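A quick write-up on the structure given underneath.
Values in this document were obtained by computation on a predicted structure and should not be read as measured data. Hydrogens, waters and symmetry mates are skipped; everything else that's a heavy atom, side chains included, is used. Counting convention: from 1, in listed order, for ligands and their atoms alike.
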Amino acid sequence: MNLLGIDFEEWYHPKLIQKYLTNQKKNLLITNGIDKILDWLRKNETYATFFIVGEIIESKPEILDKILSDGHEVGFHTMHHDGLESLSYDKFDNELKTFNKLTSGKSVGFRAPTFSLNHTTSWAIDALEVNNYSYDSSLIPVKSYMYGVSSNELGPYRIKSQNIERNHEDGKILEFPLLTSDFFIRRIPIAGGFYLRALPTRLLFDAIEKYEKNEIPATMYIHSWELVPELMPKIDLPFKEEFITYHNIKKAFPRMDSILKKFKFTSFTRYIAKTD
Ligand SMILES: [Zn+2]
């Protein structure tokens with residue numbers, strides 16, 4: 001059994017886009033794709049965890065009901081999609097409490113925007129503990145252009161703020177690192193995003209099969225805007241940012257669809273309940 005997280009955010013949330021926004025009105029567009037996304041999951045008989053940006057629920061509370069009534073889970077993806085580096089312990093703690101109210105205490109999992117959990121932002125783990133969270137899925141165990149730490153733990157482990165790279169028997173928070181694959185002499189992050197769109201599908205299948213053989217859940221992610229690219233406005237970005245954000249954007253949905261048809265995926269809480 002593998003894990004599917006949907007990072008549910010608006011078109012203006014990705015970090016690479018935020019920097020280049022000028023006077024565009026921040027209309028909610030992607031959120032209108034919720035029914036298509038839920039239909040797709042229903043057809044694939046798959047439950048997912050929606051790591052949702054809190055301000056979306058503030059303006060459209062009905063989104064939360066739709067997700068929950070289909071049996072999916074909601075997790076926290078900060079209130080405004082700020083990277084942890086731009087928050088502090090206190091701000092983050094406040095956001096957790098706000099989100100807790102918005103979701104009537106239903107959220108027990110966290111995903112940091114742009115996988116921004118690292119050695120300098122690991123105070124977030126302490127805040128999750130204090131707020132009775134049970135898991136986090138914010139680490140990519142490989143260093144890359146935008147994110148990552150050099151951890152060797154590939155499967156779920158108990159994480160602590162003092163050392164986020166290794167298992168602590170007494171850690172309260174379960175960490176689910178994102179899927180990686182060994183590619184020649186390098187380990188590459190292939191759990192979603194740009195890599196999901198750019199790499200050959202065969203490579204993704206092989207990586208998931210390898211994890212399954214080792215009895216490690218493959219933890220994958222997809223952005224809401226990759227599932228409804230037809231609703232994604234195109235913002236003028238410099239070449240590198242444009243490539244990372246929009247390259248093959250229409251391929252993410254069919255790719256993930258073929259993965260769900262070949263392998264079994266579920267939400268984090270359902271997975272934890274089964275393996276406890
Ligand atoms: Zn995000």
Restricting to pairs with a member in residues 218-230, which pass salt bridge (charged side-chain N to carboxylate O under 4.0 Å, His left out), not counting sequence neighbours?
Lys36-Glu230, Arg197-Glu226
Aromatic centroids of Phe268 and Phe51 separated by under 6.0 Å:
yes
Can you confirm whether or not the ring centre of Tyr135 sits under 6.0 Å from the ring centre of Tyr271?
no
Partner residues of Thr31 under the side chain to side chain contact (heavy atoms under 4.5 Å, CB included) criterion, sequence neighbours left out
Phe8, Glu10, Leu28, Ile56, Lys60, Ile63
Total protein N, O or S atoms, the Zn ion (ligand 1), separation less than 2.8 Å:
3
Residues at least two apart in sequence or cross-chain that pass ring pair (Phe, Tyr, Trp, His ring centres under 6.0 Å) with Phe263, listed by chain then number, are Phe205
When you measure from the side chain of His13 to the backbone N and O of His81, does any donor-acceptor pair fall under 3.5 Å?
no
